[in-house]
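Worksheet for the structure shown next.
In each ligand, atom 1 is the first atom listed, and ligand 1 is the first ligand listed. Worth saying up front: this structure is predicted, and the values here are computed from it rather than measured.
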Amino acid sequence: MGRSEGLFIKAKELIPGGVNSPVRACGSVGMTPRFIQRADKQYIYDVEGNAYLDFVGSWGPMVLGHRHPAVMEAVEKAIQNGLSFGAPTEAEVEMAQLVCELAPSVEMVRMVNSGTEAVMSAIRAARGFTGRNKVIKFAGCYHGHSDAMLVKAGSGGLTTGVPDSAGVPGGCAQDTLTASYNDLESVEQLFQAYPGQIAALIVEPVAANMGVVEPAEGFLKGLRQLCDQNGTVLIFDEVITGFRLALGGAQERYGVSADLTTFGKIIGGGMPVGAYGGRREIMNLVSPVGPVYQAGTLSGNPVAMAAGLAQLRLLKHHPEVYGYLDQLGELLRAGLRKACEGHNCTVTGVGSLACLFFTKGPVTNYESAKSSDTKRFAAYYRWMLEHGCYLAPSQFEAIFLCDAHTPEDIHQMVDSAKAFFQQEEQG
Ligand code: KE4
């Protein structure tokens, strides 16, 4: 028995599913997860010392690769002063200043400790600002595990939501409405069905939790117009896309501004950081200034701020990273498209995000994403791992590229994928 197998047996006695976040359990790919010892640049190493090209990057934070010297140095310096004070620090002011500079629609920002917290807080602020209760989200988009976001569409498309998890009260779910991604009409119908009742519409500007699904031409602009027409707060959940698709995130890339934006992952440089921010008139309602309560013991933690600041400053002073990530992404998508040609697959993505769907496509929303053959994906996942490529263990996640990846790494991944399809064809 390998060390990962032994650790997993022990872990399952002590931690639900043996993991601290469900997707890590590799349930949908039918194998024991690799327990990871360390990571460096574009590589990740399991407890048996096996090296893999890392195409997960801790689910997005490691956009500059693991153990970037400037980030590590900033953390090592910060810990000399202590780990946490529970009091305001200069680093938090510097972080707020930098986020507001890099994300033009953000006039004020509050640090929290995860993307979930950022989303939960942004929705509360939008409800406090509008005095309304209902929220629109999109099927297939994931915004963390706060109750209001663990909701799926009720029986009819226009009905109120029903819980998508045990423990979520129906009373909470009823205020969450579900629309279909890239379908503006499904949004218009909800606004017509609930006039003056919708506090916020939250969307992943590029969906990356149903695999990667790009916004159709005019989709984001259409959401902006509908929210303006209805006095609804437009929330862009940029936990994945923020500081990844451009320095100004998806809002810069697609030229559509949100009223509130949520951040996570990259903003923390690998440490637990989330943030939400946007229009001053909304953020000024947040405690202690206004009546919308939100708090956190470790929010703005100085060590986490040091890691996040170091990473964001590197991205700000080296904007050429984005051109490089775009090139790597295009190289990967072109290579995968060639490798899977004739094998009933489709490849999607933008910038440093990509996805290989085991369905013919096109994949434009959750319905089409769900038509993927997850058994084929599981076989592909196991093959790629055996060939040194560490992917997200689910069809409905993204491939995350980072600045430490090289064209040779992309060729290695594409060649491994090509070999998978060849052996699959040979049965
Ligand atoms: P966290 O609470 O996990 O920091 O962020 C929640 C979240 C919010 N919004 C978006 C768009 C997200 O993608 C996420 C979390 N992403 C997943 C990966 N698909 C995290 C991986 C996991 O759950 O372990």
Does Lys265 reach ligand 1, in the sense of a heavy atom lying below 4.0 Å from it?
-> yes
Where ligand 1 meets Ser21 - atom numbers and elements under 4.0 angstrom, heavy-atom basis = 22 (C), 23 (O), 24 (O)
Nearest to atom 3 (O) of ligand 1, what protein heavy atom do you find, and at what distance?
-> Thr116 OG1, 4.6 Å
Under-4.0 Å protein heavy-atom contact, atom 19 (N) of ligand 1 = yes
Quick one: does Val23 get an N or O within less than 3.5 Å of an N or O on ligand 1?
-> no
Mind telling me whether Tyr380 and Phe420 have parallel, tilted or perpendicular rings, with 30° and 60° as the class edges?
-> perpendicular
At a 4.0 Å threshold, what atoms of ligand 1 neighbour a non-hydrogen atom of Ser114?
-> 2 (O), 4 (O)
Nearest candidate to atom 12 (C) of ligand 1, where distance is taken over non-hydrogen atoms, out of Val273, Val112, Asn209 = Asn209
Give the numbers and elements of all ligand 1 atoms closer than 4.0 Å to a heavy atom of Trp59.
-> 18 (C), 21 (C)
Show which atoms of ligand 1 fall inside a sub-4.0 Å distance from at least one heavy-atom site of Glu204.
-> 11 (C)
Please work out which of the three classes, parallel, tilted or perpendicular, describes the rings of His387 and Trp383, given edges at 30° and 60°.
-> parallel
For Asp373, enumerate each residue passing the salt bridge (charged side-chain N to carboxylate O under 4.0 Å, His left out) test, keeping only those at least two apart in sequence or located in another chain.
-> none
Which of these passes side chain to side chain contact (heavy atoms under 4.5 Å, CB included) with Ile202: Leu260, Thr176, Val119?
-> Val119
Going by the order shown, which atoms of ligand 1 are within less than 4.0 Å of some heavy atom of Gly144?
-> 6 (C), 7 (C), 8 (C)
Would you call Arg34 and Glu5 a salt bridge, taking side-chain N to carboxylate O under 4.0 Å as the test?
-> yes
Which residue and non-hydrogen atom of the protein lie closest to atom 4 (O) of ligand 1, and at what distance in Å?
-> Gly115 N, 3.0 Å
Is Arg313 paired with Glu94 through a side-chain N to carboxylate O contact shorter than 4.0 Å?
-> yes
Any ion pair linking Asp164 and Lys137 (charged N to carboxylate O, less than 4.0 Å)?
-> no
Numbered atoms and elements of ligand 1 in range of Glu397, under 4.0 angstrom, heavy atoms | 18 (C), 19 (N)
Should you measure from each heavy atom of Ile240, which atoms of ligand 1 turn up under 4.0 Å away?
-> 13 (O)
Atom 10 (C) of ligand 1 has as its nearest protein heavy atom Tyr142 O, 3.3 Å
Just say parallel, tilted or perpendicular for the rings of Tyr366 and Phe396, cut-offs at 30° and 60°.
-> perpendicular
Should Tyr254 and Val350 be marked as a side-chain contact (heavy atoms from CB on, under 4.5 Å) after you check the CA-CA gap, both sets of side-chain angles, and the distance that decides it?
-> CA-CA 11 Å; Tyr254 293 96; Val350 57; 3.7 Å; yes
Among all protein heavy atoms, pick the one closest to atom 9 (N) of ligand 1 and tell me residue, atom and distance.
-> Asp237 OD2, 2.7 Å
Kindly compute the distance separating CG (Asn344) from OG (Ser372), expressed to the nearest 0.5 Å.
-> 9.5 Å
